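To start, the structure under review is shown below, and the notes come after it.
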Amino acid sequence: MIQAKLKAIVEQAIAKAIDAGELKHLSACPVPIVIEAPRLPEHGDLSCGVALRLACHAKTSPIKIAETIAQFLEVNSENVSRFEVASPGFINFHLGTGWLAEALCEVIKLGSAFGKLDLGAGQKALIEYVSANPTGDLHIGHGRGAVYGSCLANLLHFVGFAVEQEFYLNDTGEQINQLGRCAWAAYKRLLGQDVVYPSEGYPEDSLKDFVNQVIKEHGDKFLSLNDTAGEETLRDVTMASIILSHKNLLDRLGVKFNRWFSELSLHQKDQVEAVLSEFSKRGQSYESDGAVWLKAKELGDERDRVLKKSGGTTTYLAADAAYHLDKYERGYDRLITIWGSDHHGQVPGLKAAVKALGKDPNKLEVILTQIVNLSRNGQIVRMSKRMGTVVTLAEVMDEVGTDAVRYYLAESNPQNPINFDLALAKQTSRENPAFYIQYAHARCSSILRKALEPSNNPDTHELTPAPVSRSQWDKWLSEYKSSPEVFSAIFDPQIFAHQKRLVMRLVSFPGEIEDAAITRSPGRLARYAYELANDLQKFYEVCRVITPNEEVTRARLGLILATRQVLQNVLGIIGISAPEKM
RNA sequence: GCGCCCAUAGCUCAGCUGGAUAGAGUGCGUGGCUUCGAACCAUGAGGUCGUAGGUUCAAAUCCUACUGGGCGCACCA
């Protein structure tokens, strides 16, 4: 778009300056030419700092280089109304209306595809996230992983990856057996039996709701079972109830998985044993003290890791290795695994296992999400699985609202810890950023409705025809897509800055997408959405859209349409609804 | 003790592949609704970018040490 066009012009100017012998010591531009939006309006609409980077190559001061380049710049005044060199060596460009109008045309022409890129080129990517143990409620930390993962999935899809999303279900092992013991005791106690609740394991309170759900479905018919059968049965039905609640809650949060991958299935299909044989066959494991060890130290870990305990059972790492081998064999080009930061110690082990299996470790990206500190009025709410989750994700969503929770969790970068104050979030929920962005979208919709729908006078009950007729609108829609000149009437010299700012924000969307995708930071799109909404509000404040002048109305409705489109596109990625009315 | 992550406005967070006067939101002060949605806008105050060095024409950004906080260092998962 505009940045690329400007970049080409700067590139050409540098080449000409070199040809003319004005930039000594250079035969080609050795640094990338970056066109960016300056922070301050007096620095123009777009700025290029290439002269600063060229200084040490050209052995001249940045300001002189900038002046030299500026001499060779060839711009059309309709596109770039003026440019100037500013200390310490920036070239600042002030845009005219030409490129801006063309850009709006492109936004409307591309519609929901505006901003899409082809970074992925159809490569298959698998994102595994949440993967919470089915032994209790989800908490806000799971929520963060869930929101981050789903935003990243949306984003990577938007930039051309074939994305699949997967939840790894730890549905077997010691913690699940413990769930069985606790649930069996809770079941009997809830049905009036005087049995002792296990002192070790999950707190009774954290299981009560799930066991009550079991009782609601199955009644007391399991009471006749002996303890062994009872523990197994309660284990399975309680786990099913927990998994269902996880599915429902994540669904409510807008998080959807293609697959819930069962760890148990790996054992049942002997994939865990198979991966152990594979390690052995490749000479990557050995026996010691009756246990089987992975030679992880040779592969970058700080020490070797146990795969199979002397008691004969396999470790979590063995199952995880089998799981990741399965992922590799399913033929993905990128494997993204999102874990809570408390698992960071496992990353070298997993990477070592992957290397030991002869798979490309660079395909596997492990992203860690840092802790969410939950507080209420400044008081930290402690979360601990052993103590039971004090505040569940469901409660946070009920209290604050799902869109607001989603925005808060989406906005931050995963590697930073965040503080989430319930009282604060609730108190400001009416003015929260998610709401603000949605409001901007609803406002655009409202303006379009106002333009296209007849209005009803409440006193006289007379219908006033719509300012813009249906047939006229259809004609405009096609003009928006093919005739940039219709937009020239948007621009009013009095308030050009506001209008330009809004258009520039729309124009910067593809670049934002690219940066967000490359750095795996969908959060910056959440912030972009806020900025866009803010620019729309400022524009709206000073500029009427529906006016008696048909050409002006046509142009400004087009701008509103384009803005609404980009809001929809970005809200789609961060997974927040774009309502027509609020 | 060792390793990883973090420290920016009262609070919540951006900015970090080095570039112009460190930005938003929230809270606080002031002003603005006869007109497409005031759930909005304008404006003011508020910062030794944890501390100390170093690299550089240029450091919140890179390097080192330190301080403070979180997490991890099992034949647990």
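Heavy-atom basis, side chains included; hydrogens, waters and symmetry copies ignored. Remember, predicted model here, so these are calculated numbers, not experimental data. Within every chain, numbering begins at 1; the chains are lettered A, B, ... in the order of the sequence lines, protein sequences first and strands thereafter.
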Where do N or O atoms of nucleotides 56-63 of chain B meet protein N or O atoms at under 3.5 Å, pair by pair?
none

Atom pairs and distances, donor-acceptor, side-chain atoms in residues 31-42 of chain A, under 3.5 Å, two or more places apart:
none

| task | Report which part of the nucleic acid A:Ser341 touches: base, sugar-phosphate, or nothing (heavy-atom distance under 4.0 Å, all strands). | result | sugar-phosphate

| said: Using every non-hydrogen atom in the two residues, find where A:Ala353 and A:Ala321 come nearest and quote the distance to one decimal. | reply: CB-CB, 4.0 Å

| Taking atom C1' in both B:A24 and B:G47, what distance in whole Å separates the two? | 14 Å

| Between A:Arg443 and A:Tyr540, is NZ or CZ placed under 6.0 angstrom from the six-membered ring centre and within 45° of the ring axis? | yes

| query | Given the P atoms of B:G54 and B:G46, what is the spacing between them in whole Å? | reply | 31 Å

| Mind checking who B:U21 pairs with, Watson-Crick or G-U wobble, both distances under 3.5 Å? | none

| query | Going by 5.5 Å between centroids and 30° between planes, is there a stack of A:Tyr530 over B:A24? | reply | no

| Between B:A59 and B:U12, how far is it from one P atom to the other, in whole Å? | 29 Å

| C1' gap between B:C76 and B:C49, integer Å | 41 Å

| message | Can you identify which nucleotide, out of B:A14, B:A77, B:C41, has its nearest atom closest to the A:Gln175 side chain? | response | B:A77

Please write out the pairs of protein N or O atoms and N or O atoms of nucleotides 1-4 of chain B separated by less than 3.5 Å, giving the distance to one decimal.
from : atom 1 : to       : atom 2 : distance (Å)
B:G3 : N2     : A:His344 : NE2    : 2.6

| Spatial distance of atom CZ (A:Arg564) from atom CD1 (A:Ile560) [nearest 0.5 Å] | 10.0 Å

| request: Determine the interatomic distance between C1' on B:G15 and the same-named atom on B:U21; round to the nearest Å. | output: 15 Å

| Between A:Asn534 (CG) and B:A42 (C1'), how many Å, whole number? | 12 Å

| B:G37 to B:G23 separation - P atoms, rounded to the nearest Å | 35 Å

